[in-house]
Number of protein chains: 2
Amino acid sequence: MPDSNYTPQTVVKRLPVYLRVLDNLLRREVEVISSKELSSETGFTAEQIRKDLAYFGAFGTRGTGYQTSYLREKILKIIGLDQKTPIIIIGAGHLGIALTRYNVTNNPYVRVIAVFDNDPEVVGQKIMHIEILGVSEMERIIREYNIKVAVLAVPADKAQQVVDELTGYGIRAVLNFAPTKINVPAGIQVHNADLAIELQSLIYYSSSEEERMNRLKKSKEKKGEKEIETGQ
Amino acid sequence: MPDSNYTPQTVVKRLPVYLRVLDNLLRREVEVISSKELSSETGFTAEQIRKDLAYFGAFGTRGTGYQTSYLREKILKIIGLDQKTPIIIIGAGHLGIALTRYNVTNNPYVRVIAVFDNDPEVVGQKIMHIEILGVSEMERIIREYNIKVAVLAVPADKAQQVVDELTGYGIRAVLNFAPTKINVPAGIQVHNADLAIELQSLIYYSSSEEERMNRLKKSKEKKGEKEIETGQ
DNA sequence: TAGATTGTTAATCGATTAACAATC
DNA sequence: TAGATTGTTAATCGATTAACAATC
């Protein structure tokens with residue numbers, strides 16, 4: 001029963017793109033924007049943009065378009081970015097450090113409260129002004145700051161165990177960079193940001209259609225042979 | 001005209017997941033696996049897995065399942081990972097460095113040929129054993145190693161310009177970490193791995209359905225008020 | 001042969017695109 | 001009023017799920 005207020009995930013994923021474009025437009029002091037112009041800025045169709053926004057309300061003016069700053073405010077509210085979201089990052093390896101720096105410098109909508117690691121060598125150090133804490137401090141920090149969102153940058157073999165802990169402490173959404181499937185109770189969101197998988201699926205497209213078809217043909221032929229060999 | 005050999009992108013994105021699971025199974029010396037078991041390892045349905053594989057051929061044995069090592073070989077061929085793919089990484093900032101290390105240590109299917117940066121301070125340094133070269137060397141390296149895949153980790157305002165160069169030198173697929181839309185000629189693939197956007201869409205789900213509905217309601221009410229205020 | 005599981009076709013579901021009335 | 005553009009409903013497209021015959 002997808003209740004009447006259900007919004008497809010595919011729509012939700014586009015909202016931050018709209019937000020970014022609106023931020024850029026405001027910087028350029030563009031005060032009004034049509035769905036057609038938003039289309040050329042985002043790469044999504046104008047129809048899709050209008051339909052996406054219609055899930056949440058009617059924010060435009062017929063004949064004119066959308067008031068940039070007003071639409072931005074609305075989208076901020078819809079996503080829940082009207083206040084800075086406190087987040088934590090688990091894992092202070094190279095990726096964890098890069099993600100911390102990235103979010104501190106480039107993501108104005110979140111506040112990185114702390115980074116956690118189990119290596120005593122790095123605990124106590126700082127990434128920019130953010131402290132690296134031992135994992136034993138996780139529960140305290142999560143509860144103290146009422147943190148709901150965690151970024152996971154730990155090795156694959158530690159990921160499930162860490163997420164079990166996190167959900168136990170009240171975390172509701174995890175951005176998982178560990179290359180492994182994670183099981184969570186209903187209602188908890190895990191989004192996978194699997195860099196190796198992204199790259200590998202891209203490699204599929206890096207050969208021409210012709211090369212792919214040749215590989216495929218060879219694949220099918222070999223299967224044929226194999227069946228004959230073993231089929232007797 | 002989606003020709004008969006066209007494979008949906010959504011299927012291609014699942015192939016590396018199958019590959020990873022098969023790698024793990026082989027390590028555990030599991031020799032045969034059913035679509036049902038693959039389902040529990042991947043989180044995709046058994047029907048979907050069988051249908052995905054059917055795009056490329058018939059690799060299983062009815063009544064038995066799939067031979068792990070054979071299916072792995074086939075998927076390697078399909079994606080084009082049967083030989084190590086040479087890639088380059090553009091941008092030796094924190095993210096570029098993290099991506100380089102990550103792929104060198106964790107992605108056995110690619111070989112990072114070089115990292116490029118325009119900062120003379122970092123050019124000449126090494127990340128693990130990989131050299132950081134000036135961007136003026138890009139063309140030479142791309143042509144010398146016949147590189148088709150690039151990972152882009154440069155600031156947003158440099159991204160389009162760099163990609164224009166890359167495609168000019170023969171790059172056919174770009175994994176873009178820069179938070180901006182990139183325009184490319186037909187036939188060139190750009191996949192966006194936008195970390196801030198991933199995180200922001202996750203934040204949407206970090207509040208409960210109730211909280212979201214409240215925000216939404218408020219949003220719609222305010223819009224209502226606004227219409228009344230300005231509608232006279 | 002009986003049991004299991006694939007490969008494939010048909011049915012369903014969901015998302016995108018097209019069309020257009022509403023309205024600024 | 002004429003032109004423009006939204007918001008919304010209907011049509012289309014594509015992907016997932018269900019069903020089942022083929023076959024090991």
Protein-nucleotide distance ([X], atom [atom1]; [N], atom [atom2]), rounded to Å:
{"X": "A:L53", "N": "D:dT5", "atom1": "CG", "atom2": "C1'", "answer": "13 Å"}
{"X": "B:D52", "N": "D:dT16", "atom1": "CG", "atom2": "C1'", "answer": "10 Å"}
{"X": "B:Y55", "N": "C:dT8", "atom1": "OH", "atom2": "P", "answer": "12 Å"}
{"X": "B:K13", "N": "D:dA15", "atom1": "NZ", "atom2": "P", "answer": "13 Å"}
{"X": "A:Q9", "N": "D:dT16", "atom1": "CD", "atom2": "P", "answer": "13 Å"}
{"X": "A:L71", "N": "D:dT5", "atom1": "CG", "atom2": "C1'", "answer": "14 Å"}
{"X": "B:F44", "N": "D:dA15", "atom1": "CZ", "atom2": "P", "answer": "15 Å"}

Report summary line: Residue set satisfying side chain to side chain contact (heavy atoms under 4.5 Å, CB included) with B:E47, at least two apart, ordered chain then number -> B:T45, B:R50

Query raised in the report: Considering residues at least two apart in sequence or located in another chain, which fulfil the side chain to side chain contact (heavy atoms under 4.5 Å, CB included) criterion with A:K148?
Result: A:N146, A:R172, B:S206

Report summary line: Across all chains, not counting sequence neighbours, the ring pair (Phe, Tyr, Trp, His ring centres under 6.0 Å) partners of A:Y102 are none

Do any side-chain nitrogens or oxygens of [X] fall under 4.0 Å of OP1 or OP2 in [N]?
{"X": "A:Y6", "N": "C:dC13", "answer": "no"}
{"X": "B:T10", "N": "D:dG14", "answer": "no"}
{"X": "B:Y66", "N": "C:dG7", "answer": "yes"}
{"X": "A:R14", "N": "C:dT16", "answer": "yes"}

Requested in this report: Write out all pairs satisfying side-chain hydrogen bond (donor to acceptor under 3.5 Å, both in side chains) with one or both partners inside residues 161-171 of chain A, taking only residues at least two apart or from two chains.
Outcome: A:Q160-A:D164, A:E165-A:Y169

**Report entry** Any residue of residues 18-43 of chain A with a heavy atom less than 4.0 Å from an atom of DNA chain C
**Finding:** none

**Report entry** Pairwise salt bridge (charged side-chain N to carboxylate O under 4.0 Å, His left out) hits with a residue in residues 54-67 of chain B, at least two apart
**Finding:** none

Report task. Scan residues 6-27 of chain A for pairs that pass salt bridge (charged side-chain N to carboxylate O under 4.0 Å, His left out), counting only residues two or more places apart or in two chains. Result -> A:K13-B:E198, A:R14-A:D52, A:R20-B:D194, A:D23-A:R72

Report summary line: By side chain to side chain donor-acceptor pair (under 3.5 Å), B:Y145 pairs with (sequence neighbours left out) none

Query raised in the report: Residues two or more places apart in sequence or in another chain: which of them pass side chain to side chain donor-acceptor pair (under 3.5 Å) with A:T42?
Result: none

Name the atoms and distances for all side-chain donor-acceptor pairs under 3.5 Å in residues 174-181 of chain B, with sequence neighbours left out.
{"from": "B:N176", "atom 1": "OD1", "to": "B:A178", "atom 2": "N", "distance (Å)": "2.8"}
{"from": "B:N176", "atom 1": "ND2", "to": "B:A178", "atom 2": "O", "distance (Å)": "3.1"}
{"from": "B:N176", "atom 1": "ND2", "to": "B:T180", "atom 2": "O", "distance (Å)": "3.3"}
{"from": "B:N176", "atom 1": "ND2", "to": "B:N192", "atom 2": "OD1", "distance (Å)": "2.8"}
{"from": "B:K181", "atom 1": "NZ", "to": "A:S40", "atom 2": "O", "distance (Å)": "3.2"}
{"from": "B:K181", "atom 1": "NZ", "to": "B:N183", "atom 2": "OD1", "distance (Å)": "3.1"}

**Report entry** Consecutive Watson-Crick or G-U pairs in runs of at least 3, all under 3.5 Å, in which DNA chain D is involved
**Finding:** C:3-24 with D:3-24

Query raised in the report: Where do B:P86 and B:I147 come nearest, in terms of heavy atoms and distance?
Result: O-CG2, 3.8 Å

Query raised in the report: In terms of side-chain heavy atoms, does A:Q200 have a donor or acceptor partner in B:N107 at a distance below 3.5 Å?
Result: yes

Query raised in the report: With the sugar-phosphate defined as primed atoms, P, OP1 and OP2, and the base as all remaining atoms, what B/S/- string results for nucleotides 17-24 of chain D, 5' to 3', for protein heavy atoms under 4.0 Å?
Result: BBB--BBB

